[in-house]
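Note sheet for the following structure.
Note that this is a predicted model, so its numbers are computed, not measured. In this chain, numbering begins with 1 at the start of the sequence shown.
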Amino acid sequence: MKTSNGNTSVMDMFEKGKVLKICAPMVRYSKLAFRSLVRKYDCDICFTPMIVASDFMRSVKARDSEFTTNASDRPLIVQFAAPDAQTLADAACVVAPFSDGVDLNCGCPQRWAMSSGFGACLINKPELVRDMVRQVRNQVGNPNYTASIKIRIHNDLRRTVDLCKKAESAGVSWITVHGRTAEERHQPVHYDAIKTIKDSLSIPVIANGDIKYLRDVESTHQLTGVDGVMAARGLLANPAMFSGYEDTPLECIWDWVDISIEQGTQFTCFHHHLIYMLERVSSQPERKVFNSLSSTSAVIDYLENTYGSVRDLGA
């Protein structure tokens, strides 16, 4: 793993008029291989999947399986779920030499997370979030290392603004806002709420929710004035989205095959990503066949026979 020299900061990437394009933390999916893929297609910053900080600190095995990176995997933000300041700060110190910042998950709405004292329940504990940010700031020696939070919104937006201002006072680097409440799943994103939060703060704000095409990046920026836009499912369906492709191009599919083979990606993960990538460009009978494949060689044969090989791209 490459150690950060500490001389540069992700904060330098936030320039007036530029909208950063960011790969969201996605459990099981935003791992090293997928991050390597989206970085080839104009993704500015990548997040790891959410890592439970207490498990990460307790077990070497957990650390090795949950956090893998390499020299070209930068800028990289490690997202943790944690219920208290010390656990978060300890985990941040472990990953700090190999990443550019840590992010506190304050948005996961799943019951298991909230019952454990982390995820979206933290948006109702603004003083605790403030202390967690402050503890990371105090404990990580590198002043350029970022400490950010990712939140959902309250029904009463004044509570969300209060939370964000408390985090800002503690030195939070930026805030990512998923423009839905903890109870909402596929309802429309509340862009007005994101704009209100952006207008209330002097730090960068990143918008998250329903980013499916490159044009959504610009429209979200126009609606909210945010400094960056984060995509999850949109990138799963099309990892080349930030480069302006409407659907996953063949070149990107073969890049994924090459990266997966090179990095030894497990077949289930390799296959699942391709299922997402091919969903919009394949028919239902084709998907049925593809989804039933059970080996890397079978997948490669299918791709060559159905879409053409990587060698055909230059033809």
- Task: Specify the closest pair of heavy atoms between L293 and V299, including all atoms of both residues, with the distance to one decimal.
- Result: CD1-CA, 3.9 Å
- Message: Are T160 and I151 packed together at the side-chain level, in the sense that at least one heavy-atom pair is separated by less than 4.5 angstrom?
- Response: yes
- Task: Looking only at non-hydrogen atoms, find the nearest pair between R287 and S282 and report the distance.
- Result: NH1-O, 2.6 Å
- Query: Where do M241 and I211 come nearest, in terms of heavy atoms and distance?
  - Reply: SD-O, 3.8 Å
- Is it true that K125 and D131 have a side-chain N and a carboxylate O under 4.0 angstrom from each other? no
- Item | Contact check, side chains of F67 and L76, non-hydrogen atoms, under 4.5 Å | yes
- Task: Considering non-hydrogen atoms only, spot the tightest contact between A231 and F242 and give its length.
- Result: CB-CZ, 3.9 Å
- Query: Do N208 and I22 come close enough that some side-chain heavy atom pair is under 4.5 Å?
  - Reply: no
- How are the rings of Y29 and H272 set to each other: parallel, tilted or perpendicular (split at 30° and 60°)? tilted
- Atom NZ in K31, atom CD in Q263: separation rounded to 0.5 Å? 12.0 Å
- Query: Side-chain contact, heavy-atom cut-off 4.5 Å: K40 with I259?
  - Reply: yes
- Message: With heavy-atom distances below 4.5 Å as the criterion, would you say the side chains of V229 and L20 are in contact?
- Response: no
- Query: CD/Q266 to CZ/R28 distance, rounded to the nearest 0.5 angstrom?
  - Reply: 12.5 Å
- Donor + acceptor pair across side chains of T306, E286 (<3.5 Å): no
- Query: Under 4.0 Å between a Lys/Arg side-chain N and an Asp/Glu carboxylate O for D156 and R159?
  - Reply: no
- Item | Carboxylate-amine/guanidinium proximity below 4.0 Å for D100 and R74 | yes
- Query: Does D162 come within less than 4.0 Å of R158, counting only side-chain N to carboxylate O?
  - Reply: no
- Message: Can a side-chain donor-acceptor contact be found between S148 and T146 if the only test is distance below 3.5 angstrom?
- Response: no
- Message: For the aromatic rings, using the six-membered ring if either is Trp, is the centroid distance between F118 and F80 under 6.0 Å?
- Response: no
- Query: Parallel under 30°, tilted from 30 to 60°, perpendicular over 60°: which one fits the rings of W174 and F14?
  - Reply: tilted
- Message: Could you measure the distance from the CG atom of L128 to the CD atom of Q135? Nearest 0.5 Å is fine.
- Response: 11.0 Å
- Is any side-chain heavy atom of L104 closer than 4.5 Å to a side-chain heavy atom of V133? no
- Classify the side-chain pair D90/T87 by whether it contains a donor and acceptor separated by less than 3.5 Å. no
- Message: Just so I know, are the side chains of C93 and Q139 near enough to count as touching, which here means a heavy-atom distance under 4.5 Å?
- Response: yes
- Search all heavy atoms of R137 against all heavy atoms of Y145 and return the closest pair with its distance. NH1-O, 3.0 Å
- Between F290 and Y302, how do the two ring planes meet: parallel, tilted or perpendicular, split at 30° and 60°? tilted
- When you check the gap from the basic side-chain N to the acidic O, do D227 and K18 get nearer than 4.0 Å? no
- Message: Check this for me, if you would: do D103 and K150 make a salt bridge, where the nitrogen-to-carboxylate-oxygen distance has to be below 4.0 angstrom?
- Response: no
- Using a strict cut-off of less than 4.0 Å between a Lys/Arg side-chain nitrogen and an Asp/Glu carboxylate oxygen, indicate whether K61 and E66 qualify as a salt bridge. no
- Of the non-hydrogen atoms in I203 and K198, which two are nearest, and what is the gap between them? O-NZ, 3.8 Å
- Note on the structure: Rounding to 0.5 Å, atoms CD1 (I45) and CZ (R39) come to a distance of 9.0 Å
- Query: Got a sec: does the OH of Y276 have more than 12 other heavy atoms crowding it under 6.0 Å?
  - Reply: no
- More than 12 heavy atoms of other groups within 6.0 Å of R111 CZ: no
- No-hydrogen, no-angle side-chain donor-acceptor test under 3.5 Å, D255 and Y41: yes
- Mind checking whether V136 and M132 have side chains closer than 4.5 Å, heavy atoms only? no
